[in-house]
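Okay, structure first, notes after.
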2 protein chains.
Amino acid sequence: MKIGQLADKTGLSIQTIRFYERKALLAAPQRTQSNYRSYSDEALKQLLFIKQCRSLDMTIEEISLVLETRAKPDNSCETVNATIDKHIDDIEQRITELNALRRSLVSVRSTCADNKKVKECGVLHQLESIAETRTTPKNII
Amino acid sequence: MKIGQLADKTGLSIQTIRFYERKALLAAPQRTQSNYRSYSDEALKQLLFIKQCRSLDMTIEEISLVLETRAKPDNSCETVNATIDKHIDDIEQRITELNALRRSLVSVRSTCADNKKVKECGVLHQLESIAETRTTPKNII
DNA sequence: GTAAACTCTATACTTGGTATAGAGTCAAGC
DNA sequence: GCTTGACTCTATACCAAGTATAGAGTTTAC
């Protein structure tokens, strides 16, 4: 199967598939005489797995780790579970941060009604006051 | 004041300050004879303003817009409020998405106990099953 | 035979910075 | 006067997870 068909079947773009190959998530496939990539059904399965992981917002690195673990059926799946657990933690933390951020924004926003002029704008005044700067999260997620 | 002092006073890194200058958030300062940047207190204020906006996770573009509006004291502050409102909306949407994501992850995770082998791992099985792929958010925030 | 559709590689772009390299400048101590 | 260390300058590359292009070659349909 050529890359276009694989893209159709997976719903991923052709560039994304090539990108995953470069990132070593997907093994480099065989090539036709004209140097076109030629994929097996295994590749399709692999890509759907990757897509599923990405839909859970796992990073390429996390997926890489999971794929590596998966390759050895008799190993413990501990690292997979640990990856998911950490990922859940990260997301929970990010939710907490965003909630705090939302509260700050709502608070700032509440200081200005509509139809004011710039010089009277409470929001701008708020932004000028050097409130104890909340250290904002590196937005990983 | 030289850039190092400004960095100390604002808590921003020297590179970040130069980066903001390149992005036109901060006006290019005067230069000494030896081509060192020489800042006024205005620049300090401006940077603190920018830092405050960034701490609210506003993008460079949003900050740019707000700064532009702020420059005209008699204009309406409508665009500022609109920017904040949209920003709040975006964050609320992102929180909703992350909550959904968290539920999915917890659900996947619940299918595997500890100390299983890869071939028995419920999490891996879940990831293989081609569940209706939740279209995952482009993580803007 | 030719045009459309497909594929290839390589490269640049996105965001908000961070991290170098290599060169120049300044102040202090000897 | 000279050296050393701290500072600054520009330019460039890097991060994640792709997306978008240019320019070339290939296959397919008519």
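Numbers restart at 1 for each chain; the letters A, B, ... are given by sequence-line order, proteins then strands.
Annotation: proximity of residues 8-24 of chain A to DNA chain C (heavy atom, distance under 4.0 Å) is found for Ile14(A), Arg18(A), numbered in ascending order. Using a 4.0 Å cut-off on heavy atoms, the residues of residues 27-41 of chain A that approach DNA chain C are Arg31(A), Asn35(A), Tyr36(A), Arg37(A), listed by number.
Taken over five-pair windows at either terminus, the axes of the helix from dG1(C)-dC30(D) to dC30(C)-dG1(D) are inclined to one another by 30° (rounded to 10 degrees).
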Under 3.5 Å, which donor-acceptor pairs link side chains of residues 114-122 of chain B to any protein atom two or more places apart or in another chain?
unit_1	atom_1	unit_2	atom_2	d
Asp114(B)	OD1	Arg109(B)	NH2	3.2
Lys119(B)	NZ	Asp74(A)	OD1	2.6
Glu120(B)	OE1	Lys117(B)	N	3.1

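At least one donor-acceptor pair closer than 3.5 Å links the side chain of Thr83(A) to the backbone N or O of Thr79(A). In terms of modelled atom types and a separation under 3.5 Å, the side chain of Gln46(A) and the main chain of Leu25(A) share a donor-acceptor contact. Panel note: side chain His125(B), backbone Thr111(B); no donor-acceptor pair is recorded below 3.5 Å. Without hydrogens or angle criteria, Thr69(B) side chain to Leu65(B) main chain gives a donor-acceptor distance under 3.5 Å. A donor-acceptor pair under 3.5 Å is formed between the side chain of Thr96(A) and the backbone N or O of Glu92(A). For Lys51(B) (side chain) and Thr10(B) (main-chain N/O), a donor-acceptor pair under 3.5 Å exists by modelled atom type.
By the 4.0 Å N-to-carboxylate-O rule, Asp90(A) lies too far from Arg94(A) to be salt-bridged with it.
In summary, contact between chain B and DNA chain C, defined as any nucleotide atom under 4.0 Å from a heavy atom of the protein, begins and ends at dG16(C) to dC26(C) in the 5' to 3' direction.
Checking Met58(B) against Ile3(A), the closest nucleotide of DNA chain C that is more toward the 5' end is the one next to Ile3(A).
Stacking of Arg54(A) on the aromatic ring of Tyr20(A) is not recorded, the 6.0 Å distance cut-off and the 45° axial limit not both being met.
In this structure, Arg54(A) places its CZ atom 12 Å from P of dA16(D), rounding to the nearest Å.
Summarising the geometry, atom OG belonging to Ser38(A) is positioned 9.0 Å from atom CD belonging to Gln5(A); distances are rounded to the nearest 0.5 Å. In this structure, CG in Leu101(A) is found 5.0 Å from CG in Leu105(A), a value given to the nearest 0.5 Å. Note: Leu98(A) CG to Arg102(A) CZ = 10.5 Å, rounded to the nearest 0.5 Å.
When the side-chain hydrogen bond (donor to acceptor under 3.5 Å, both in side chains) test is applied to Arg37(B), the partners found at least two apart in sequence or on another chain are Glu21(B).
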